[in-house]
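As structure tokens, the structure follows; a few thoughts come after it.
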Amino acid sequence: MTDLAGTDRSANDRCRNLVLVLGDQLSFDSGAFDGFQPSEDRVWMAEVDEESEHVPSHKARIALFLTAMRHFAQEVRARGWPLEYLRLGEHPFPSLAEALADALRNLRPRRLVTVEPGDWRVRQALAAVARNHQTPLEIRPDRCFVGSTEEFARWAAGRRNLVQEHWYRQLRRKTGVLMEGPNPVGGRWNFDAENRASFGPGGPGLVPRPVGFPADRITSEVLGLVARRFEGHPGSLEGSIGRSRAPRRSKRSPTSSETVCPGSAGIKTPCGTASRSSSTADSRRR
Amino acid sequence: MWDGEPFLFHSRLSAALNLKLLHPMEVVRAAEEAYRSGHAPLPAVEGFIRQILGWREYVRGLYHLWMPDWLSWNALNAHRPLPEFYWTGETEMRCLKATVGQTLRHGYAHHIQRLMVTGLFALLLGVRPIEVHRWFLAIYVDAVEWVELPNTLGMSQFADGGRMATKPYAATGRYIQRMSNHCASCRFRPERATGEDACPFTALYWHFLERNEARLAGNPRMRPALTNLRRLSPDDRAAIRRKAERIAQGPP
Ligand SMILES: Cc1cc2nc3c(=O)[nH]c(=O)nc-3n(C[C@H](O)[C@H](O)[C@H](O)COP(=O)(O)OP(=O)(O)OC[C@H]3O[C@@H](n4cnc5c(N)ncnc54)[C@H](O)[C@@H]3O)c2cc1C
Ligand code: SF4
């Protein structure tokens, strides 16, 4: 009995699903978490140099991904979900594939679960690692898009020209956005002609200031890490400094010292203290 | 485009969308609501929604359909290296200095800067598509391959020979002059294709058409441009060719 129980336990200790979350899949509504059981499953995330170095990434790009991942990890922990998170500089693996191979060896999950990677190279690498470790890989559709890849492939099949306008209309119909029954609001699908004017000699006039957020502890740490570890990479981290909220006249130079995340205005996550995911997490915390 | 205005009226939502911190339908519904409640005019709202529901979803579909082949296409047979100034911003060309400068500073440039300044110059110069792709993937905070690659190799560099875009986005410095105030403070003249103060875009534009004349001749949308090319005298064409080749040796 003890012996049997012992064997059983070691088999049961194997996690059921290892849920791999990539740096561009930071949504709790992700299909990766469908059926997630904290008692059986585990979330896995890793920061690796390869993702910043396969092309020599801008420092701000690296910082954005890392701080967003760390904020997400914080939410995962706050939900009480088991999480394996590899921080840059604290593990020996240069690439996602090597880090994952190690995780598969140690955790021996019954299945590796993820949503469709947005990078063909990463998808190939994951598939190869899973194959080498005889771990079934389940790739789930990415719900963070309006149309699925299958839907697109069906649409594309048998068309000679794949025209953006046609796919767009299909998604307008599917979602009902700017639709009145079967017809587009305003009687037209396309207002491109009205949207091509130049500023003229007077320039753009009043330009709204980008919204800024002060860097929190996580972001400050990441900025330090990136400045040290990726010193030789292009771009600056200081460009994220400046600007308060009031609209300003074109040409006047910015003041103040808030952190602006140029790629994510209005979003309180990667740069901010009050992260968007924390508010969603609050309302849905289990 | 306007000197000193890196963001203008753009939403800067791409990074949050691409990391999935924000769902595209949240953005689209908010824009639709702005129209329905009378806060924004229909053309502006439709144009914005089209970028997300249209372009963004479309390039993602194409990416998954055509990878990995897309990486190997080089329909215009372009083989020059990417100029060094893409990584430093050190160039006399005002529009490029502004665009690359803000890119290095903020990790951001808006669509017309990417398509009609940095992308356009690489297209006209004939830079190897894969090098252009690597730059765009490295340098913007919103860069993830499924969205960056189709925009770069398909829309901007025409490396897929028109599978995605119906014609190359080729233009002279006059386009940039019309759409910005950069030329006013530039040492080059957007209307000139030859001479000391010729705008490199303009010289390279004619050279681009000449190099690709046979490849583009079957494209009805290129007919007006090619007709203009054929109107140039042999002497003008030779002078432009010399100028363009000098620029290609070491872009100013
Ligand atoms: C050569 C080149 C490379 C590009 N690389 C990227 C990239 O790596 N990542 C990226 O997100 N976009 C890329 N784009 C598309 C576009 O330039 C950016 O999405 C846009 O500039 C982001 O700024 P914004 O959020 O202020 O956009 P806005 O002008 O405010 O537009 C709103 C949203 O629409 C979407 N959008 C707009 N244009 C496009 C487009 N052509 N394709 C897909 N989505 C679009 C974006 O999600 C954007 O946030 C590229 C364009 C070109 C020409
Ligand atoms: S003159 Fe030519 S190089 Fe100078 S800003 Fe205008 S388009 Fe750019």
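A note on names: the letters A, B, ... follow the listed sequences, proteins ahead of strands, and every chain is numbered from 1. Basis for what follows: all heavy atoms, side chains included, without hydrogens, waters or symmetry-related copies.
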Less than 4.5 Å to any heavy atom of chain B: does that hold for the side chain of A:N190, its backbone, both, or neither? both
Option that, when pairs with chain A are counted at under 4.5 Å, heavy atom only, ranks first among B:M67, B:H64, B:Q102: B:M67
For a 4.5 angstrom cut-off between non-hydrogen side-chain atoms, does A:T175 reach B:V28? no
I'd like to know if the side chain of B:R134 and the backbone of A:P56 have a donor-acceptor N/O pair within less than 3.5 Å. no
Determine, stepwise, if the pair A:R61 / B:D142 fulfils salt bridge (Lys or Arg N to Asp or Glu O under 4.0 Å). CA-CA 7 Å; A:R61 176 173 184 256; B:D142 59 24; over 6 Å; no
Pick one of side chain, backbone, both or neither for A:P117, based on which atoms fall under 4.5 Å of a heavy atom in chain B. backbone
Given the rule in the side-chain contact (heavy atoms from CB on, under 4.5 Å) test, do B:V144 and A:D119 qualify, once you have shown the distances and angles that lead to the verdict? CA-CA 7 Å; B:V144 181; A:D119 188 320; 5.5 Å; no
For chain B, which of A:S57, A:S27, A:G118 has the most heavy-atom pairs under 4.5 Å? A:G118
Is there a donor-acceptor contact under 3.5 Å from the side chain of B:E57 to the main chain of A:G147? yes
Determine yes or no for a side-chain-to-main-chain donor-acceptor pair under 3.5 angstrom, with B:H106 supplying the side chain and A:S236 the backbone. no
Heavy-atom side-chain proximity of B:V59 to A:Q164 below 4.5 angstrom: no
Nearest heavy atoms of B:L19 and A:A68, plus distance in Å: CD2-CB, 3.6 Å
Sub-3.5 Å donor-acceptor pair from the side chain of B:Y58 to the main-chain atoms of A:L162, do we have one? yes
Go through B:R29, B:R56, B:M25 and name the one with the most non-hydrogen pairs under 4.5 angstrom from chain A. B:R29
From B:L71 atom CG to A:R121 atom CZ, the distance as rounded to the nearest 0.5 Å: 10.5 Å
CD/A:Q25 to CG/B:L21 distance, rounded to the nearest 0.5 angstrom? 12.0 Å
B:R215, CZ atom: more than 12 neighbouring heavy atoms under 6.0 Å: yes
At a 4.5 Å cut-off on heavy atoms, which part of B:W66 comes close to chain A: side chain, backbone, both, or neither? side chain
Does any backbone or side-chain atom of B:T166 lie under 4.5 Å from a heavy atom of chain A? Answer side chain, backbone, both or neither. neither
Is it the side chain or the backbone of A:V185 that comes within 4.5 Å of chain B heavy atoms, both, or neither? both
Among the options B:W146, B:Y140, B:W55, pick out the one with the most heavy-atom pairs lying under 4.5 Å from chain A. B:W55
Using only atom types and a distance under 3.5 Å, with no angle test, would you say the side chain of B:R105 pairs donor to acceptor with the backbone of A:L237? no
Got A:E165 and B:R50 here, is their nearest side-chain heavy-atom distance under 4.5 Å? yes
Is a side-chain N or O of A:Y168 found less than 3.5 angstrom from the main chain of B:Q51, in a donor-acceptor match? no
Measure A:H166 against the heavy atoms of chain B and call it side chain, backbone, both or neither at under 4.5 Å. neither
Closest heavy-atom pair, B:V141 versus A:L64, reported as atoms and distance to 0.1 Å, is O-CD2, 3.6 Å
Is there a donor-acceptor contact under 3.5 Å from the side chain of A:H58 to the main chain of B:L137? no
Identify which of A:I62, A:L22, A:D142 forms the greatest number of heavy-atom pairs closer than 4.5 Å to chain B. A:D142
By residue number, those in residues 36-47 of chain B with heavy atoms under 4.5 Å from heavy atoms of chain A are B:R36, B:L42, B:P43, B:A44, B:V45, B:E46, B:G47
Please classify the contact between A:R143 and chain B as side chain, backbone, both or neither, with a heavy-atom cut-off of under 4.5 Å. backbone
Please report the shortest heavy-atom distance between A:F152 and B:L62, naming the atom on each side. CE2-N, 3.4 Å
Grab the two heavy atoms, one from B:A143 and one from A:F65, that are nearest each other, plus how far apart they are. O-CZ, 4.2 Å
Go through the steps for A:D29 and B:K20 under the test salt bridge (Lys or Arg N to Asp or Glu O under 4.0 Å), then give the verdict. CA-CA 10 Å; A:D29 298 327; B:K20 318 292 164 59; over 6 Å; no
Any side-chain heavy atom of A:V55 sitting closer than 4.5 Å to one from B:W135? no
Most chain B-contacting option - heavy-atom pairs closer than 4.5 Å, from A:F191, A:F145, A:W167: A:F145
Check residues 149-156 of chain B and write down every donor-acceptor pair under 3.5 Å in which the side-chain atom is one partner and the other belongs to a residue at least two apart or another chain.
from: B:N151; atom 1: ND2; to: B:V147; atom 2: O; distance (Å): 2.9
from: B:T152; atom 1: OG1; to: B:E148; atom 2: O; distance (Å): 2.9
from: B:T152; atom 1: OG1; to: B:E148; atom 2: OE2; distance (Å): 2.8

Distance (rounded to the nearest 0.5 Å) between B:D69 CG and A:W120 CH2: 9.0 Å
Determine, stepwise, if the pair A:E116 / B:R60 fulfils salt bridge (Lys or Arg N to Asp or Glu O under 4.0 Å). CA-CA 12 Å; A:E116 299 160 289; B:R60 190 235 179 188; 3.1 Å; yes
Looking at chain A, which one of B:I139, B:I49, B:L53 has the largest number of heavy-atom pairs inside 4.5 Å, strictly under? B:L53
